[in-house]
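Encoded as structure tokens, the structure appears first; notes follow it.
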There are 2 protein chains.
Amino acid sequence: MTVLTGPPRTFSVSEVAVDSGVAPSAVRFYDNHGVINAVRTAGNQRRFDGSAACRIQVAKLAQRAGLSVREIAALFAGLSADPTPDEWADVARRLVTEVEERVRDLKAQLAAMGSGTRLCEIGRNDPAR
Amino acid sequence: MTVLTGPPRTFSVSEVAVDSGVAPSAVRFYDNHGVINAVRTAGNQRRFDGSAACRIQVAKLAQRAGLSVREIAALFAGLSADPTPDEWADVARRLVTEVEERVRDLKAQLAAMGSGTRLCEIGRNDPAR
DNA sequence: ACTTGACTTCAACATATGTTGAACCTGCAC
DNA sequence: GTGCAGGTTCAACATATGTTGAAGTCAAGT
């Protein structure tokens, strides 16, 4: 079944900006790049659902963890308006998988450096000199 | 004591490019931005020590984990030419600490979303409507 | 209906991260 | 000492990620 719920409330650009902690210009930027999705009023103004501020908060942290806006938009592509917890969980799983792989790669390189085999030629002196 | 070692071998831009897997233009870019440090020949050409390719490999992975070139240069700032394993270990520790904090922040936000308290107002409907 | 604050688009600017091309110079092998 | 692969700088270009300002439109209260 579906819970009885009226027309869901929507948010303007500046509301989403305040809720997500970014500038209004950034909200428009994220809309233009598919991180969030606006519907338009009869007068062409953007209206967002409640997930927009949330998407942006996640997007900012994902950016700090190395993902590009394009990658984040792709990650959010399957998300419906006002996503279900299950949809969010799936996004979260894919996101964490991706950033953890990047951290693993970094750690592996760091580990390969100092220890044992000098894969990275640390302090390398030409062996053939 | 110090191990008996002749004048250590140096590397040209294109050698570092090959060893690190980036374009020569990128090697010059990283030099200009302090990720690596060249000495100059009498004829003004760059010469790098063996750590340069290594620094770049780490830098590329650190970038994928969310660090900027400026941040990476700052991280490498304390590193001497041909750094000791101890110096590398210190850099590695600080680097991992930083990226893991970013991942923690992301995970915390994701966790706060789906579960329990709707901090992110998922599927929010105006409570005062 | 008016006013006014918030919205629209678009272009220009700004910073980060490189790449490319021109014009010129070096280093090394012969 | 000559040739030439590869080095130098500098400016322009390119993409990503936004911000700012101008010029005009919308929405909502009075």
Side-chain angles (χ1 to χ4, degrees), chain A residues 7 9-49 52-53 55-76 102 126 128-129, chain B residues 7 9-49 52-53 55-76 98 102 126 129:
Chain A
R9 133 144 243 199
T10 63
F11 300 85
S12 69
V13 165
S14 62
E15 284 173 325
V16 171
V18 168
D19 290 355
S20 62
V22 305
S25 62
V27 173
R28 295 194 184 92
F29 179 85
Y30 290 134
D31 182 28
N32 289 336
H33 290 74
V35 170
I36 55 180
N37 299 110
V39 295
R40 298 292 181 134
T41 65
N44 197 37
Q45 296 193 358
R46 290 172 180 84
R47 289 298 179 264
F48 299 96
D49 60 79
R55 286 175 182 231
I56 291 176
Q57 286 171 29
V58 172
K60 293 308 286 182
L61 293 167
Q63 281 183 280
R64 265 187 81 76
L67 276 80
S68 68
V69 165
R70 184 181 301 273
E71 288 169 330
I72 294 163
L75 200 64
F76 286 175
R102 296 182 185 200
D126 193 0
R129 185 168 41 79
Chain B
R9 111 148 257 213
T10 63
F11 299 85
S12 69
V13 165
S14 61
E15 284 173 324
V16 171
V18 168
D19 290 356
S20 62
V22 305
S25 62
V27 173
R28 296 194 182 90
F29 179 85
Y30 289 135
D31 182 28
N32 289 336
H33 289 75
V35 171
I36 55 181
N37 299 111
V39 295
R40 298 292 181 133
T41 67
N44 197 38
Q45 296 193 358
R46 290 174 181 83
R47 290 296 179 265
F48 299 96
D49 61 78
R55 287 176 183 231
I56 291 176
Q57 286 171 28
V58 172
K60 292 309 286 182
L61 293 167
Q63 280 183 283
R64 267 187 78 76
L67 275 80
S68 69
V69 165
R70 184 181 301 273
E71 288 169 330
I72 293 163
L75 200 65
F76 286 174
E98 177 62 32
R102 296 182 186 198
D126 194 1
R129 186 166 43 79

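Lettering follows sequence order; numbering is per chain, from 1. No hydrogens, no waters, no symmetry mates; every other heavy atom, side chains included, goes into these values.
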How long is the line joining [atom1] of [X] and [atom2] of [N], in whole Å?
X	N	atom1	atom2	value
A:R40	D:dA27	CZ	C1'	16 Å
A:R70	C:dT17	CZ	P	18 Å
B:R46	C:dC25	CZ	P	17 Å
A:N44	C:dT9	CG	C1'	9 Å
A:Q63	D:dA16	CD	P	13 Å
B:N32	D:dC10	CG	P	10 Å
B:D31	C:dT19	CG	P	15 Å
A:K60	D:dA16	NZ	P	16 Å

Per [X] side chain, nearest of listed nucleotides [options]:
X	options	answer
B:V13	D:dA27, D:dT8, D:dT20	D:dT8
A:S12	D:dG7, D:dT19, C:dC7	C:dC7
B:S25	C:dT9, C:dT19, D:dT17	C:dT19
B:S14	D:dT17, D:dG7, D:dG18	D:dG7
A:Q45	C:dT20, D:dA27, D:dG6	D:dA27

**OP:** Identify, between B:P24 and A:L67, the residue whose nearest nucleotide on DNA chain D lies closer to the 5' end.
**Re:**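 Upstream on the strand: B:P24.
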Original post:
Would you call A:F48 and A:V27 a side-chain contact if the rule is heavy atoms closer than 4.5 Å?
Top reply: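 In short, these two side chains touch, coming nearer than 4.5 Å.
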Taking the side chain from [X] and the backbone from [Y], do they hold a donor-acceptor pair closer than 3.5 Å?
X	Y	value
B:R55	B:V35	yes
B:R102	A:R64	yes
A:Q57	A:G21	no

Original post:
Closer to the 5' end of DNA chain C via nearest nucleotide, is it B:G43 or A:G43?
Top reply: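 Whichever sits nearer the 5' end wins; that is A:G43.
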Original post:
Can you find a side chain N or O atom of B:Y30 that sits less than 4.0 Å from OP1 or OP2 on C:dT17?
Top reply: no
Original post:
Between A:T41 and D:dC26, does any side-chain N or O lie under 4.0 Å from OP1 or OP2?
Top reply: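 Checking D:dC26 against A:T41, no side-chain N or O comes under 4.0 Å of OP1 or OP2.
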Original post:
Quick one: CG on B:D31 to CZ on B:R40, what's the gap to the nearest 0.5 Å?
Top reply: 6.0 Å
